[in-house]
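Every chain is numbered from 1, with letters handed out A, B, ... down the list of sequences. Any value given below was found using the heavy atoms of this structure, including those in side chains, with hydrogens, waters and symmetry copies removed.
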Amino acid sequence: MKKQLQHHLMQALQECYRQGLLHSGTFPPLVLEEPANAGHGDLATNLALVLAREEKKAPRQVAEIVLGMLGDAGGLCRQVEIAGPGFINFFLSHRSWHLVLDEVARQGETYGTSAMGAGKRVQVEFVSANPTGPLHIGHGRGAATGDAVAAVLAAAGYEVQREYYINDAGNQVALLGRSIWLRWRELNGERIEFPEDGYRGDYIREIAGALDREHASHLAPLAEEPAVAFCTDFGVRQLLGQIDEDLQKFGIRFDCWYSERSLYDRGLVEKELAKLRQRGLTYEKDGALWLRTTDHGDDKDRVLLRADGPPTYFASDVAYHMEKFDRGFDLVVDVWGADHHGYVPRMKAMLAGLGRSPDDLQVLLIQMVNLLRDGQPVTMGKRSGEFITLREVVDEVGRDACRFFFLMRRSDSQLDFDLDLAKRQSNENPVYYVQYAHARICSISRNAAELGLQLPASGQFDLSPLELDEELALMKLLARYPETVEGAARLLEPHRIVFYLQELAGAFHSYYNRHRVLTEDARLSQARLCLVNGIRVVLGNALRLLGLSAPEQMQREG
RNA sequence: GCGCCAGUAGCUCAGCUGGACAGAGCAACGGCCUUCUAAGCCGUGGGUCGAGGGUUCGAGUCCUUCCUGGCGCGCCA
C-alpha cells in the first residue's frame, strides 16, 4: 500500500520537474509514515518540508504544487490534505485497505517475505559455545536471537546459512580433557588433587563415567599426554552431542558445525596469515607477529603469533573470518556475548585492512539474562560450576515461552526473565496472549464451518461490509507486516516482530470482544471471516518466523 | 585512565536510519462471562525522555560536556 502511494508520489514529483514547477530534479528519499494521530490520515509525508529549502518556497506552497499533480493517486486516496507546517496527509480509501486482505489470502504463508536480499548470501554464526559444558541460559538467548535473525533474513530474500563455530582447539578444551582424565583416575581409585581452574561441574564426572564404560581398556595404558588428548576428544564429542540435543529441543538446527581445529589441520591459519603478511598488514616486534589493526580504528595492534611461536586465539579467529568471506558470503553476522564487545573493532579493522567494507561483518551483542523467581534474582555462580542450563529452563517454562521471552527485548539490552510469568497461563503472559489470538481465530473458523460458512476464494471477497474503524485499523496492521519483517532484517532486530505480534494480537482481541464475526448477516459474516483469516495467517507467519508454534487451540495444562 | 553500551511512567522496556500533543506490558484501582474459548475485553490514574549547552522549521532520536550504572581494555580462549 505504502509502496504504491510512494510510486505515485515519485511520478508526480518527476512530472512537476518536467513541467518546470519544481527546480530540482533530484529528490530526497521519500519518507511515508503512519502518523501517530489518526486525525492526520493513514499515511503522511514530510517531503514538502524537506524540499522547501532547495525550492526556496514555503513548504505549504511546495505541497500544493505536488498535490496538484498527484490527484487522488489513481483512486488510492479518498482525501489528501496539507497540514501543520507542510505535512501532506493521505486518507486512503476503504477499497485500498481491502486489497490488503486479498493479498494476504493470495500469498498465504509467503505473505511477509520479500526480495530485499535477493541474490545475497548471508552467514549467521551463533551460539558457538565452547564445548566444555552444557549450554546455559545466556547461550539460549543467543540461540533464539541468532535463529530468529537468520529466519528474518531468509524471509527478506537472503540466502542464509546458520553456523556453529566449535572452539575445539586451545587451552579450554585441553583443560576439559585434563579435568575428565583426572575424574576418570579418581573413579579408578586414585586420589588426585583437582586443579583450581579445572572444570568442576558434575557433568565432568558423568563424562568420565561414560568414558570408563566405553573406553577403559584403551585409556588405561596410555601415557598422560595421549590420555588427556583422548579425553579431550571424547569430552568434546559428548558435550557437542548434548549441545546439539539441547538446541534441537529448542527448535534450532545448524547448517554447518565448523571446527576450529580443522582450520589448523587444513593449514588455513597459516594460509590466511600468509595473505595478511603479503599485503603488508603485519610486522614483527619483540619476537611476535602483529596485525596493524590501528590503521583502521583499533586502540592497539594485535598479536597474531606469540613470541614463543604459537598463534593466538585472535589469529585463528582472523583466519576463520577470512575463510568465511572466502566462502563467498556477502554478509557475515556474528552473535556474541556482550562481554566480547571489545573484539569488534579489531575484527572490523582486519576486514578494512583487506579492503573489504567493515559493514560486511555485523556483530550482534547479546546482553545478560537475569533469571527471576518470585521476583528475586536466581544467582548463578560459574565458578562453582553451578549455573542454570538452557535445558532446565526449557523444561520448566516450555520452548515457546522461552524463545518468546528471549526475543522480547532488543538484544543489546539486559533481559529480566521472570520464570513465574513465563509459566503463567493468563493474559499477563505475552506468549499465550499472542498464541491465544491465533487459536481463537481457528476456533471461529471451525464454528463458521459448522454453520456452513465458507471462506470465499481469494479475489472473490466482498469486503465492502468492512468499514468499522477497528476493521480498517486491523487491515492497516496487516499491511504493515511486510515492512516490519524488512525492517527487522535490515536492522537485524527480531524483537520488532515480537512487538508487532503483541500489537496485532491486542488489536484482534479487542475487536473480538466488541464485535461478533459470525452474525445473522451472512454477507457481513463472510467479510469478517476474511478479515480474521487474514489476521490468522499473519499471526501464524510471524510466530513461525520466530520459531514459535501457532496453536489451533489452546490446551490448558494441569 | 581509555573505549563500548545503556539511563524514557512505581517496575520491565518499545519508540521504525529527526517529524506533528511521548507509547506498551506489568503493578494499582473500578467494571464485563444466558452471545464465535474470560489463556479475553473495557475504563482510571501515572513521565521536566539522567543534567546542561548546541545543530535544525522540528530533537527521546544528531553533536558536545558532565553525572550514574553495566561491560571491556593479555604474546588467555
Taking atom P in both B:rA39 and B:rA27, compute the distance separating them and give it to the nearest angstrom.
16 Å
Syn/anti label of B:rC33 as read from its glycosidic torsion, with the cut at 90° from 0
syn
Over how many whole Å does the gap from A:D412 atom CG to B:rC13 atom P extend?
12 Å
Enumerate donor-acceptor pairs with a distance under 3.5 Å from any side-chain N or O in residues 487-494 of chain A to protein atoms, sequence neighbours excluded.
{"residue": "A:E493", "atom": "OE1", "partner": "A:R496", "partner atom": "NE", "Å": "2.7"}
{"residue": "A:E493", "atom": "OE1", "partner": "A:R496", "partner atom": "NH2", "Å": "2.7"}

Aromatic ring centroids of A:F126 and A:Y164 under 6.0 Å?
no
When all nucleic acid strands are considered with a 4.0 Å heavy-atom cut-off, which category describes A:H438: base, sugar-phosphate, or nothing?
nothing
Check the interface with nucleotides 32-35 of chain B: list each N/O to N/O pair with the protein under 3.5 Å, or write none.
{"residue": "B:rU35", "atom": "O2'", "partner": "A:R516", "partner atom": "NH1", "Å": "2.3"}

Please give the distance between the C1' atoms of B:rA22 and B:rG60 as a whole number of Å.
8 Å
Tell me every residue that passes side chain to side chain donor-acceptor pair (under 3.5 Å) with A:R523, counting only those two or more places apart in sequence or in another chain.
A:D462, A:S464
Both A:L518 and A:L365 contact RNA chain B. Taking the nearest nucleotide for each, which residue is further toward the 5' end?
A:L365
For nucleotides B:rG10 and B:rA28, find the distance between their P atoms and express it as a whole number of Å.
16 Å
Write down the distance separating the C1' atoms in B:rG47 and B:rG7, rounded off to the nearest Å.
14 Å
What pairs with A:R261 under side chain to side chain donor-acceptor pair (under 3.5 Å), at least two apart in sequence or on another chain?
A:D233
Indicate the ring-plane relationship of A:F499 and A:H495, choosing parallel, tilted or perpendicular according to the 30° and 60° boundaries.
perpendicular
Set of residues satisfying side chain to side chain donor-acceptor pair (under 3.5 Å) with respect to A:S316, sequence neighbours excluded:
A:E260
Atom NZ of residue position A:K120 - does it have more than 12 heavy atoms of other residues, nucleotides or ligands inside 6.0 Å?
no
Base-paired stretches in RNA chain B with three or more consecutive Watson-Crick or G-U pairs, both distances under 3.5 Å, amount to B:1-7 with B:67-73, B:10-13 with B:23-26, B:28-32 with B:40-44, B:50-54 with B:62-66
Rounded distance in Å - CD (A:Q61) to C1' (B:rC57):
16 Å
Quick one: do the A:N130 and A:Q172 side chains pair a donor with an acceptor below 3.5 Å?
no
With rounding to whole Å, what would you report as the distance between B:rU44 and B:rU64 at their C1' atoms?
42 Å
Close residues, residues 499-512 of chain A, relative to RNA chain B [heavy-atom separation under 4.0 Å]:
A:F499, A:H509, A:S510, A:Y512
Sticking with atom P, work out how far B:rC63 lies from B:rA59, rounded to a whole angstrom.
16 Å
Kindly write out the residues that satisfy salt bridge (charged side-chain N to carboxylate O under 4.0 Å, His left out) with A:E323, not counting sequence neighbours, or none if the list is empty.
A:R327
B:rG43 to B:rG3 separation - P atoms, rounded to the nearest Å:
49 Å
For A:D197, check side-chain contact (heavy atoms from CB on, under 4.5 Å) against everything at least two apart and list the hits.
A:L175, A:P195
Measure from NE2 on A:H515 to P on B:rC42 and round the result to the nearest Å.
11 Å
Whether over 12 other heavy atoms sit under 6.0 Å from A:E396 CD:
yes
For A:L47 and B:rG58, what is the distance between atoms CG and P respectively, to the nearest whole Å?
19 Å
For A:Y343 together with A:F314, are the ring centres under 6.0 Å from each other?
no
Between atom CG in A:D416 and atom P in B:rG10, what is the gap in whole Å?
17 Å
Between A:E552 and A:R440, is the closest basic N to carboxylate O distance under 4.0 Å?
no
So what does A:A437 touch, heavy atoms closer than 4.0 Å: a base, only the sugar-phosphate, or nothing?
nothing
Before giving the answer on side chain to side chain donor-acceptor pair (under 3.5 Å), spell out for A:Q435 and A:D400 the whole-Å C-alpha distance, their side-chain angles and the decisive distance to 0.1 Å.
CA-CA 10 Å; A:Q435 291 183 326; A:D400 284 348; 2.9 Å; yes
Pairs under 3.5 angstrom, nitrogen or oxygen only, protein versus nucleotides 15-22 of chain B, please.
{"residue": "B:rG15", "atom": "OP1", "partner": "A:H495", "partner atom": "NE2", "Å": "3.2"}
{"residue": "B:rC16", "atom": "O4'", "partner": "A:R496", "partner atom": "NH1", "Å": "3.3"}
{"residue": "B:rU17", "atom": "OP1", "partner": "A:R490", "partner atom": "NH1", "Å": "3.2"}
{"residue": "B:rG19", "atom": "N7", "partner": "A:N46", "partner atom": "ND2", "Å": "2.7"}
{"residue": "B:rA20", "atom": "N6", "partner": "A:N89", "partner atom": "OD1", "Å": "2.5"}
{"residue": "B:rA20", "atom": "N1", "partner": "A:N89", "partner atom": "OD1", "Å": "3.2"}
{"residue": "B:rA20", "atom": "N1", "partner": "A:N89", "partner atom": "ND2", "Å": "3.3"}
{"residue": "B:rC21", "atom": "N4", "partner": "A:N37", "partner atom": "ND2", "Å": "2.8"}

Under 4.0 Å between a Lys/Arg side-chain N and an Asp/Glu carboxylate O for A:K324 and A:D334?
yes
Rounding to an integer number of angstrom, what distance separates B:rU12 and B:rG46 when you compare their C1' atoms?
16 Å
Would you say B:rC41 has OP1 or OP2 under 4.0 Å from some side-chain N or O of A:Y433?
yes
Please report, rounded to the nearest Å, how far the P atom of B:rC13 is from the CG atom of A:D418.
12 Å
In this structure, how many angstroms lie between the P atom of B:rC4 and the NZ atom of A:K348, rounded?
14 Å
Identify, with sequence neighbours excluded, every residue that meets side chain to side chain donor-acceptor pair (under 3.5 Å) alongside A:E470.
A:R514, A:H515
Please work out whether the ring planes of A:Y165 and A:Y320 are parallel, tilted or perpendicular, with thresholds of 30° and 60°.
parallel
Is it true that atom CG of A:D469 has more than 12 heavy atoms of other residues, nucleotides or ligands lying nearer than 6.0 Å?
no
Let me know the distance between CH2 of A:W336 and C1' of B:rC4, rounded to the nearest Å.
13 Å
Contact string for nucleotides 69-77 of chain B, one letter per nucleotide 5' to 3', B = base within protein heavy-atom range under 4.0 Å, S = sugar-phosphate only, - = neither, reads -SBSSSBBB
